[in-house]
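Everything below concerns the one structure shown next.
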Protein chains: 2
Amino acid sequence: MTDDTRWLAPEESAAWVRLVALAELLPGALDAQLLRDAGLTHFEYGALMALAAAPERTMRMTELASRTNATLPRLSHVARRLEERGLIERFPCPEDRRATNATITPAGLALISEAAPGHVETVRANVLDALAPEQLEQLYVIAGAVLARLDPDARLSATSCQFSEGPVDHVVA
Amino acid sequence: MTDDTRWLAPEESAAWVRLVALAELLPGALDAQLLRDAGLTHFEYGALMALAAAPERTMRMTELASRTNATLPRLSHVARRLEERGLIERFPCPEDRRATNATITPAGLALISEAAPGHVETVRANVLDALAPEQLEQLYVIAGAVLARLDPDARLSATSCQFSEGPVDHVVA
DNA sequence: CGCATTCAGTTGTTGCGTCAACCAATGCGG
DNA sequence: CCGCATTGGTTGACGCAACAACTGAATGCG
């Protein structure tokens with residue numbers, strides 16, 4: 001059994017193990033804080049933020065799914081739950097009657113405005129505060145290189161997502 | 001409403017968005033390949049690898065749970081499924097009759113030996129090959145700094161996990 | 001020695017994500 | 001126009017993870 005697999009060198013293995021651990025722990029930490037303080041998963045928070053940032057606070061389901069890296073069924077389930085809670089509303093798109101538009105409600109805006117500071121604080125405490133400015137830059141480049149492999153179409157890092165950590169007030173105003 | 005939240009600066013936001021995207025996509029990519037080629041989730045693969053690396057190929061459930069970042073109930077369910085598939089075996093610990101020991105079976109060893117090359121190849125293709133050596137080092141340091149916040153007890157990056165990407169043959173031999 | 005507490009694991013329930021099937025609307029080729 | 005594949009979205013069933021409750025064994029304390 002000639003095995004031509006290139007096994008990982010020690011430096012590779014060490015970095016890889018840490019990256020995997022990071023990828024496993026980070027989502028849980030984000031969910032835990034948001035769920036505790038606002039009753040939202042990080043995914044729901046991201047979806048609401050994307051809606052808040054959209055023109056007219058409205059977006060097609062398909063586009064929202066793409067921006068949040070969700071499958072359409074997943075988004076549909078989540079949207080139903082958010083709608084039941086009065087945080088968003090859905091209505092058929094006038095131009096294309098197959099499509100559905102989703103809008104964030106005032107209650108939804110209020111909720112994310114309230115949740116945002118705590119979330120940002122969590123991000124700082126768990127990640128950003130641990131890094132020097134040059135490490136932030138390195139992280140940006142490294143994650144970009146990996147994402148180019150993982151997400152060649154760059155759906156996820158589309159424009160509006162950068163907004164997802166800013167204040168919401170100017171939208172509410 | 002005086003809001004003293006320190007919102008994210010553009011560089012912070014950019015790096016953060018990419019990190020979140022990475023953390024969201026990576027587990028799915030790992031699961032997809034392993035599930036397709038070996039019928040294992042990445043978590044199951046990691047658990048089997050940890051067992052293969054353990055002395056006597058045996059470990060206490062609690063220790064295994066800690067190493068794989070699983071809750072005990074989760075590991076219990078997973079272990080039952082793996083046992084039903086004949087990949088591991090469980091038996092009461094002689095020294096402490098509360099405890100349960102888990103051992104990987106020859107079939108389990110065979111499965112992970114078979115699965116390992118494809119998994120390593122996936123890791124290279126999606127991550128390692130995208131990074132220069134110095135970036136690998138940077139990633140190691142950055143992930144370490146973040147993990148110190150996220151996982152202060154360093155349960156997850158415990159000793160044996162580094163092994164999880166090496167060849168299995170010397171264990172099988 | 002007897003009882004309470006803690007520890008190790010399992011089991012049941014609930015909630016979320018995925019997959020496959022489905023319905024409705026569009027638009028395109030004949 | 002008329003069939004038919006394609007697109008946009010929803011629904012239902014199934015699998016896995018989190019949480020809580022429970023069992024049984026070990027320990028500690030009077």
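Owing to the predicted nature of the structure, the values given are computational and were not obtained by experimental measurement. Lettering follows sequence order; numbering is per chain, from 1.
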Quick one: [X] [atom1] to [N] [atom2], roughly how many Å, whole number?
{"X": "B:Phe43", "N": "D:dG15", "atom1": "CZ", "atom2": "P", "result": "19 Å"}
{"X": "A:Leu75", "N": "C:dC16", "atom1": "CG", "atom2": "P", "result": "14 Å"}
{"X": "A:Leu82", "N": "D:dT10", "atom1": "CG", "atom2": "P", "result": "12 Å"}
{"X": "A:Met59", "N": "D:dG8", "atom1": "CE", "atom2": "P", "result": "16 Å"}
{"X": "A:Leu40", "N": "C:dG15", "atom1": "CG", "atom2": "P", "result": "16 Å"}
{"X": "A:Glu84", "N": "C:dC16", "atom1": "CD", "atom2": "C1'", "result": "14 Å"}
{"X": "B:Arg85", "N": "D:dG15", "atom1": "CZ", "atom2": "P", "result": "13 Å"}
{"X": "A:Met61", "N": "C:dA24", "atom1": "CE", "atom2": "P", "result": "18 Å"}

Mind jotting down which residue pairs meet the salt bridge (charged side-chain N to carboxylate O under 4.0 Å, His left out) criterion with at least one end in [range]? Sequence neighbours excluded, please.
{"range": "residues 27-38 of chain A", "value": "none"}
{"range": "residues 69-80 of chain A", "value": "A:Arg80-A:Glu84"}
{"range": "residues 117-141 of chain B", "value": "A:Glu12-B:Arg124"}
{"range": "residues 98-117 of chain B", "value": "B:Asp96-B:Arg98"}

State which residues pass side chain to side chain donor-acceptor pair (under 3.5 Å) with [X]; sequence neighbours excluded, sorted by chain then number.
{"X": "B:Arg149", "answer": "none"}
{"X": "A:Glu89", "answer": "none"}
{"X": "A:Thr71", "answer": "none"}
{"X": "A:Arg81", "answer": "none"}

Under a 3.5 Å distance rule, please check whether B:Thr100 uses its side chain to pair with a backbone N or O of B:Phe91 as donor and acceptor. no
CG/B:Leu139 to CD/B:Gln135 distance, rounded to the nearest 0.5 angstrom? 9.0 Å
On DNA chain C, nearest-nucleotide positions of B:Ala79 versus A:Glu95: which is more 5'? B:Ala79
Could you go over nucleotides 19-22 of chain C and give all protein N or O partners under 3.5 Å, atom names and distances?
none

Between D:dA17 and B:Arg81, is there an OP1 or OP2 to side-chain N/O distance shorter than 4.0 Å? yes
OP1 or OP2 of D:dG8 versus the side-chain N and O atoms of A:Arg90: is any pair under 4.0 Å? no
Name all residues meeting the salt bridge (charged side-chain N to carboxylate O under 4.0 Å, His left out) criterion together with B:Arg90; count only those two or more places apart in sequence or in a different chain, and write none if there are none. B:Glu83
Short of 4.0 Å, heavy atom to strand atom, which residues of residues 96-104 of chain B count as contacting DNA chain C? B:Arg98, B:Ala99, B:Thr100
Heavy atoms within less than 4.0 Å of DNA chain D: which residues of residues 26-37 of chain A have one? Give them sorted by number. none
